[in-house]
Amino acid sequence: MSDAFDARHLWHPYTNVTHPGPTHKVTSASGVRLTLDDGTEMIDAMSSWWSTIHGYCQPNITKAIKDQAGKMGHVMFGGLTHDTAIELAKKLLAVTPPDLQRIFYCDSGSVSVEVALKMAVQYQHAAGRPGKTGFATVRSGYHGDTWKAMSVCDPVTGMHYLFSKALSAQHFAPKPPIRLGEVWNPDPAENSVGALRKLLAENHEEIAAFIIEPLVQGAGGMYFYHPQYLNELRALCDEFNILLIFDEIATGFGRTGMMFATEFTDITPDILCMGKALTGGTLSFAATMATDHVAEVIGNGSPGLFMHGPTFMGNPLACAAACASLDLLADGAWQANVARIEDALKSHLTPLRDLPGVADVRVLGAIGVVEMDHNVSADQAHPICKDLGVWLRPFGRHIYCMPPFVTSDEDLAQICAAMGHLAEVL
């Protein structure tokens, strides 16, 4: 049952304060389970918006945060540095494409996108192309809720259509039409590369960068597309002096079965955004990585400084948590776990294709999606989820899960059963 004080004063994400939806009060969390104030336990099939990949209260991460808190909770990163930030940088360089050598720490995924977009504009200005201040992307994408990030989300089907006249108008190519697992059609008219080329050829003089979620469109529709599209995109960006930004906030750190979705391609972006699972879902933290070329061009231009500096940049507590999370990933066990989860999701969810109202079922790594032919209500789902003992939060037409990598086979079966039940009743 919702807390009266909470409902009166706390503004939750995507809610109407005059008619707030139901909330469950969580009193503790451990492993993959949330414990509510009435003692009910729910399997968290959402990994707290896709971030808690190791489960809750993971001992190594908890210890790292406690140890760091006893030394230094925070110190400004302007003119100062610390060993934990340096250690994290070394660990990130070990798991990301080798051309990405410059790391800018920031506060959240949305801010990492803002940083990337600012980098692109400063780069083009320093490179003698000051007119290149706009951006291009594809339809149905999502890149965050902050101001510039909203402008590269889909202005029609996305959640930010209300702000469309207030935001900078950007350039949108069609959504990649060939799905992951389908045979790549080399015909530019069929794979949308022709439309992409036309858009860039006509507008490249004002486009600083092209931003895209590699392989998986997340909050824009949980859509998986063919990686060859990204290879073709890279070539076009090079041809037209446009930087390529990969938004790996949702896909990074093993969610797709690869450490980063970039690994499904043959190319490297100029800039890469990461967040969410970076700290194992414990503290808000993100990073934007760039090539030496991008960083050096910015540094050699005017004003000679990258114009961004968050107050809590390089926060030692978050760096410590991220180091511990990356150490857990370093043993490689996550790969077998994600493969196991993928097999279980395919086994349990594929039969749901036959349910009335189900438009599609798709699975990649530790991502399972049941797409309906109609919108489903998160508010209606919440009390049902409590009864089922599984925390799910549908959006749009999608009932989906992104469970922690430590989720057991038994729990996966329960998650999929709950998704099936929601598909039947919502």
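No hydrogens, no waters, no symmetry mates; every other heavy atom, side chains included, goes into these values. In this chain, residues are counted from 1 in sequence order.
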Legend entry - Pairs where residues 336-358 contributes a residue and the test salt bridge (charged side-chain N to carboxylate O under 4.0 Å, His left out) is met, not counting sequence neighbours: R340-D409, R353-D360

Taking side chain as C-beta onward, heavy atoms only, is [X] less than 4.5 Å from [Y]?
X    : Y    : result
P13  : W49  : yes
V156 : R139 : yes
S51  : F253 : no
H398 : Y223 : no
F172 : T137 : yes
C385 : L422 : yes
K386 : P22  : no

Check: [Y] main-chain N/O paired with [X] side-chain donor or acceptor under 3.5 Å:
X    : Y    : result
N191 : N185 : yes
T288 : C273 : no
Y229 : K175 : no
S140 : G220 : no
H24  : H382 : yes

Please tell me whether [X] and [Y] have a donor and an acceptor in their side chains that are separated by less than 3.5 angstrom.
X    : Y    : result
T251 : E248 : yes
S377 : D379 : no
Q228 : E232 : yes
H293 : D99  : no

So does [X] pair up with [Y], basic N to acidic O under 4.0 Å?
X    : Y    : answer
E114 : K148 : no
K71  : D67  : no
R234 : D270 : yes
K25  : D38  : no

Legend entry - D373 and R397: CA distance, side-chain angles, deciding distance, salt bridge (charged side-chain N to carboxylate O under 4.0 Å, His left out) verdict: CA-CA 7 Å; D373 62 10; R397 299 188 305 164; over 6 Å; no

Inset, instruction - Among L34, T35, D37, find the residue that satisfies the side-chain contact (heavy atoms from CB on, under 4.5 Å) test when tested with V26. - result: L34

Inset, instruction - Decide if the gap between the ring center of F312 and the ring center of F285 is smaller than 6.0 angstrom. - result: no

Inset, instruction - Can you measure from OG1 (T279) to CD1 (I65) and round to the nearest 0.5 angstrom? - result: 7.0 Å

